[in-house]
Structure formats: C-alpha cells, structure tokens
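Proteins come first, then strands; the chains are lettered A, B, ... in the order of their sequence lines, and each starts at number 1. This is a predicted model, so every value here is computed, not measured.
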Amino acid sequence: MIDLRTLRENPDVLRHSQRMRGEDDSVVDALLDLDERRRGALSRFESLRAEQKSIGKSVSRASGEERDALLGRAKELAGQVKAAEGEAEELGRKLDELLYTVPNIVEDGVPPGGEDDYVVLEHVGTPREFDFEPRDHLTLGEMLGAIDMERGAKVSGARFFFLTGVGARLQLGLLNMAMQQAIEAGFVPMIPPVLVKPEAMAGTGFLGAHAAEVYNLPGEDLFLVGTSEVPMAAYHADEILDLGGLPRRYAGWSSCFRREAGSYGKDTRGIIRVHQFDKVEMFSYCRLEDAREEHQRLLAWEKEMLAKIDVPYRVIDTAAGDLGSSAARKFDCEAWVPTQGRYRELTSTSNCTDFQSRRLNVRTRGEDGKTRPVATLNGTLATTRWIVAILENHQQADGSVVVPEALRPYVGLDVLRPIA
RNA sequence: GGUGGAGUCGCCUAGUGGCCGAGGGCGCACGCCUCGAAAGCGUGUGAAGGGCAACCUUCCGUGGGUUCAAAUCCCACCUCCACCGCCA
C-alpha cells in the first residue's frame with residue numbers, strides 16, 4: 001500500500017512508477033481528489049463531534065429550561081454528526097478501495113518494460129555439452145521411478161503428480177539442505193499454516209490483479225497460499241517489532257498451491273508448472289533503509305543454494321511491468337534446462353519495501369520513538385521445480401542421474417539409477 | 001456440534017450510562033539517592049489521523065442498534081478457556 005502522506009507531497013513519484021509498470025497514472029489524481037474530499041469530510045465530522053461532546057457534558061450539569069434547550073440542540077447535532085461521519089466513512093472506503101489497487105512504487109534502477117525486457121545481470125556456470133541425446137526431466141523421472149504424472153492426473157487432475165521413491169527422497173533432501181543452510185545463516189525455521197484468512201492474502205498483495213491464481217474455500221472463507229510468504233508476512237501483523245531485533249529472518253517450508261489460470265497449454269509436460277509443490281522460502285523483516293542491502297543478501301543465499309546443486313544459471317533483473325503488485329524490485333535466478341535450450345526460473349527474490357507492512361500493520365519504533373513501517377522481503381531457497389534442473393543437468397547416457405555432491409548426504413544416494 | 005465463562009492501554013487488573021481515553025500494579029524510560037548497583041522516592045510511559053504548536057477527533061474483540069450521551073444497555077458475529085458429544 002502506498003503512503004498517502006508521501007503521495008500528497010510527491011505525486012510524481014507514483015506517476016512515474018505507474019508509467020514504468022505500463023499502468024494507468026491517472027489513478028494518482030483520483031487518489032489525491034478522494035483524499036482531499038475525505039479529509040474535508042473528516043474535519044467537518046470532527047468539529048461537529050467535538051461540539052456534541054461538549055454539549056453532552058453540559059446537559060448532565062444543567063437543569064430545568066436550560067437543560068431542555070441543550071437537549072434540543074444536542075438532538076439536532078446527533079443527526080448531523082451521524083451524517084458527517086457516514087460521509088467521511090464512505091469516502092474513506094472509496095479511497096481505501098482505490099489505494100488497494102495501486103501496486104508498489106518501483107525501485108530506482110529497475111529496467112522499464114514488460115516480461116521480455118529483463119536485464120541479465122550475470123551468468124554462472126556453462127551449459128554442458130552432451131555426447132548423447134539428453135532426456136527431459138519427465139522421461140528421466142519415469143525411468144527412475146521418481147515422478148508419476150499419470151497417477152497424479154488420475155487422482156487429482158492435470159498438473160498434479162506423485163513424487164515416488166528417489167523422487168520423494170530427492171525433494172526431501174533438497175528442502176532439508178535448504179532449511180539447514182537457512183538455519184546456519186541464522187534464519188528461524190518455520191512450518192506455517194497454508195490456509196489463511198482473506199486479510200493475510202490481501203495484505204500480501206495476492207488478491208488484486210492475480211486473485212484468479214488463488215484457490216479459496218468459499219465455505220470457510222480461507223485461501224490456500226501460493227507461497228509461505230503469505231503466512232510469514234502476516235505472522236507479525238499488527239505488531240511493533242523491536243528495532244534491535246531487526247532484521248528478523250524466517251525460513252518457511254510449505255506446500256504451495258496455484259491455480260495456474262490462464263496458463264493453459266504452457267508447460268503441460270512434467271513438473272515445471274503444477275498446482276501443488278513444496279518450497280523453502282526466506283522471509284525477512286528489516287528497516288526500510290536496509291532493504292536494498294537485505295535484498296542483495298537474499299540473492300546471495302539463493303546463489304549459495306544453486307551452487308550446491310551445481311547447475312548453470314543466470315540472474316535477471318525483472319522489468320517493471322513484470323513485477324508482482326507488492327514488489328519494488330525482483331531478481332530471478334534461472335537455471336539452464338538442456339532439453340528446452342533455455343533458462344527457467346528456480347528462485348525469485350522480491351523487495352516489497354513497506355507495501356505489505358502497511359497493509360498488514362507491521363511496524364517498528366525508530367530512534368525518535370515514532371512508529372514506522374518495516375520492509376519485507378522474500379526469496380526462494382528451493383522448490384520442487386529444482387528437481388527438473390537437477391535431473392536434466394546431471395543425467396548420464398544410461399538414464400541415471402548423478403546426485404550433486406553437496407546434496408548426497410541429504411538424499412543418501414550418490415547416483416539415482418533407472419528401475420528395472 | 002452443544003452448554004457455561006471470558007475478551008479493557010506490553011502484561012495483570014479496576015471500572016454497570018455523563019466526573020472514563022480510562023484508575024491501580026508489574027514492566028519500561030528518565031531523574032534523585034549510592035563509590036556502583038539493588039531497594040526506596042519522584043516524573044513519564046498505547047495507537048491512528050488532522051493542524052504539525054497549543055489542541056481536536058477516532059479506537060475498551062468486531063459489526064450494528066438504543067440514547068442528547070455507551071467500556072458500561074440490547075442484537076449478531078469472532079476469538080479464547082472449561083466441560084460434554086463426535087471424530088482423527
């Protein structure tokens with residue numbers, strides 16, 4: 001959520017940001033207009049209410065005719081107060097409604113443009129030359145008895161799967177390795193609820209433009225989270241965090257649920273794009289002025305994880321138009337997928353500045369004693385999709401897959417071999 | 001799912017219509033005392049918004065209602081606790 005005070009003082013910042021995202025900048029004027037009208041109504045209500053209170057007090061002291069006169073005036077005021085309050089509330093509702101549609105202000109330095117206008121920041125590792133025809137991850141997964149899409153579809157429908165045998169072991173090992181790295185880096189490990197209230201979903205910015213992506217349980221008024229970012233951001237909702245305790249870092253392990261509405265036909269083979277997967281996610285609360293630096297740290301921890309699975313990847317700086325509504329900046333790490341001949345997202349780290357914390361009311365107290373919103377950031381440490389990169393990049397001609405060295409203690413196997 | 005009880009300023013608690021945005025204790029901050037500390041004493045100590053100074057308004061689980069006036073009365077809902085039922 002945008003800060004109204006900042007908007008009043010410097011509306012061009014939001015106008016520029018909206019244009020960077022390729023979105024409507026006239027929302028700025030609509031906001032300013034509503035804000036001014038609401039403040040007017042509020043101030044009318046406040047002076048009426050003040051008068052009503054003071055008359056109310058004199059009623060209790062007065063008697064006889066004087067009391068009757070005061071009562072008359074008080075009754076009159078009661079109606080006016082109610083009307084003025086209603087008007088202020090109505091305008092406040094409209095303002096909030098509009099405010100909730102406005103995405104975060106884009107950070108300086110973000111490349112302009114849309115999905116394809118990202119800037120590649122670096123390449124790490126080199127795609128391997130195969131002296132045989134590499135198999136795709138699903139073929140390998142089936143040969144290894146690791147992935148069962150057919151039964152996934154039988155039981156749950158398209159884009160569902162079973163991880164079986166070494167597939168299940170691979171995922172458990174990978175996610176455990178991620179948790180272990182996070183713990184060693186000082187993160188608090190966390191297993192959050194994956195069903196959340198509407199406030200948590202809206203607070204993190206997932207009920208806006210991408211509401212169609214979210215599963216909900218209408219009878220329960222609960223939503224299935226698409227990432228543990230949601231419960232971890234809402235974890236400290238309505239709290240004032242100790243300044244000395246920042247940054248607070250959490251590593252959440254959860255299943256993630258996505259409807260993948262509108263992606264019909266995309267990535268229909270294998271486990272690249274599925275309705276349910278598991279993820280270890282970093283989440284950090286820090287001071288606003290430290291957020292850029294913290295963002296770089298999260299990116300560094302992602303790279304540390306990627307190094308452990310030893311796959312070639314690149315880091316991209318996502319263009320403004322492709323940022324989520326809560327992100328001010330986003331870096332993705334994309335691994336090389338040999339059979340697709342391209343890079344696919346394995347991690348994504350976003351700096352959400354004070355966008356989520358304003359909605360969720362997560363604050364800290366500054367040196368001046370005043371409360372102010374914190375920054376929230378998130379980043380991926382491992383997901384089910386990583387299995388794709390591991391299988392494809394480390395496959396051998398016979399269909400076996402060499403487990404990356406760092407991962408071996410967690411998986412308990414050096415090589416995954418095709419089953420008979 | 002049923003019945004009973006409860007939700008007040010970080011924590012505990014007082015408060016049954018106007019003198020309550022709200023008293024007390026704990027905690028915390030500052031000061032005095034002390035060589036220093038503890039104890040003791042004194043002062044201060046919720047949040048949001050508006051003017052940004054005095055000050056004003058809102059918030060006593062949430063939402064509605066009654067009233068000139070609601071923490072206080074009425075209704076609905078939510079949450080927590082206890083017991084019962086049902087079921088992992």
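Comparing B:rC83 with B:rG44, their P atoms are spaced 45 Å from each other, to the whole Å. For the C1' atoms, the distance linking B:rA69 with B:rU62 amounts to 23 Å, nearest Å. The same atom, C1', is picked in B:rG15 and in B:rC9; the two are 14 Å apart, to the nearest Å. When the P atom is used for both B:rA37 and B:rG51, the distance is 45 Å, rounded to whole Å. A distance of about 46 Å separates the P atoms of B:rC86 and B:rC59, rounded to the whole Å. To the nearest whole angstrom, the two P atoms, one in B:rG7 and one in B:rU58, are 24 Å apart. When the C1' atom is used for both B:rC28 and B:rG10, the distance is 9 Å, rounded to whole Å. Taking the C1' atoms as reference points, B:rG61 lies 12 Å from B:rA71, given to the whole Å.
The environment of CD in A:Glu405 is sparse: at most 12 heavy-atom neighbours from other residues, nucleotides or ligands sit within 6.0 Å.
Following rounding to the nearest Å, A:Leu360 (CG) and B:rA48 (C1') show an atom-to-atom distance of 17 Å. Look at CD on A:Glu46: it is 11 Å from P on B:rC59, rounded to the nearest Å. In this structure, A:Leu91 places its CG atom 18 Å from P of B:rG49, rounding to the nearest Å. For the pair A:Asp238 CG and B:rG46 P, the computed distance is 19 Å after rounding to whole Å. Distance, A:Leu4 CG to B:rA48 C1': 13 Å, rounded to whole Å. Here the P atom of nucleotide B:rG49 and the CE atom of A:Met1 are 10 Å apart, to the nearest Å. Nucleotide B:rU58 holds its P atom 4 Å from the CZ atom of A:Arg49, rounded to whole Å. For A:Asn361 and B:rA47, the CG to P distance is 12 Å, given to the nearest whole Å.
Across the strands present, B:rG7 finds its partner in B:rC78; the criterion is a Watson-Crick or G-U wobble pair with both atom distances under 3.5 angstrom. B:rC35: no Watson-Crick or G-U partner with both key distances under 3.5 Å is found in any strand. Pairing partner, B:rC60: none, since no Watson-Crick or wobble contact has both distances short of 3.5 Å. Remark: B:rC83 base-pairs with B:rG2. Criterion, Watson-Crick or G-U wobble with two distances under 3.5 Å. Pairing of B:rA69, defined by two Watson-Crick or G-U wobble distances under 3.5 Å, is not identified with any nucleotide. The partner of B:rG23, taking Watson-Crick or G-U wobble pairs whose two distances both stay under 3.5 Å, is B:rU13. Using Watson-Crick or G-U wobble geometry with both donor-acceptor distances under 3.5 Å, B:rC52 finds no partner in any strand shown.
Counted by atom type alone, A:Ser348 and A:Asp332 present one or more donor-acceptor pairs between their side chains at under 3.5 Å. At a cut-off of 3.5 Å, with distance as the only test, a side-chain donor of A:Tyr118 or A:Arg314 sits close to an acceptor on the other residue. In this model, a donor atom of one side chain and an acceptor atom of the other lie less than 3.5 Å apart for A:Glu392 and A:Thr339. A:Arg372 and A:Ser357 share no side-chain donor-acceptor pair at under 3.5 Å.
A:Tyr285 and A:Tyr250 have perpendicular rings, their planes meeting at more than 60° on a 0 to 90° scale where under 30° would count as parallel.
Of the listed nucleotides (B:rA47, B:rU66, B:rG49), B:rA47 has the atom at the smallest distance from the side chain of A:Thr371. Here the nucleotide nearest the side chain of A:Arg363, chosen from B:rA69, B:rA47, B:rG49, is B:rA47. The side chain of A:Arg39 has B:rG51 as its nearest neighbour among B:rG51, B:rG46, B:rA69. Listed nucleotides B:rG49, B:rU66, B:rU58 differ in distance to A:Lys82; the shortest reach to its side chain belongs to B:rU66. The listed nucleotides are B:rG46, B:rU57, B:rG50; the one nearest the side chain of A:Arg8 is B:rG50.
A residue-by-residue look at A:Arg372 and A:Glu89 shows that A:Arg372 has its nearest nucleotide of RNA chain B further toward the 5' end. In terms of position on RNA chain B, the residue among A:Lys197 and A:Ala50 whose nearest nucleotide sits closer to the 5' end is A:Ala50.
In this structure, A:Arg359 forms a cation-pi arrangement with A:Tyr100, its terminal cationic atom sitting closer than 6.0 Å to the ring centre and no more than 45° off the ring axis.
An OP1 or OP2 oxygen of B:rC68 is reached within less than 4.0 angstrom by no side-chain nitrogen or oxygen of A:Gln52. At least one side-chain nitrogen or oxygen of A:Arg5 sits closer than 4.0 Å to the OP1 or OP2 atom of B:rG49.
Residue contacts shown for A:Arg44 are absent, as no nucleic acid heavy atom lies under 4.0 Å away.
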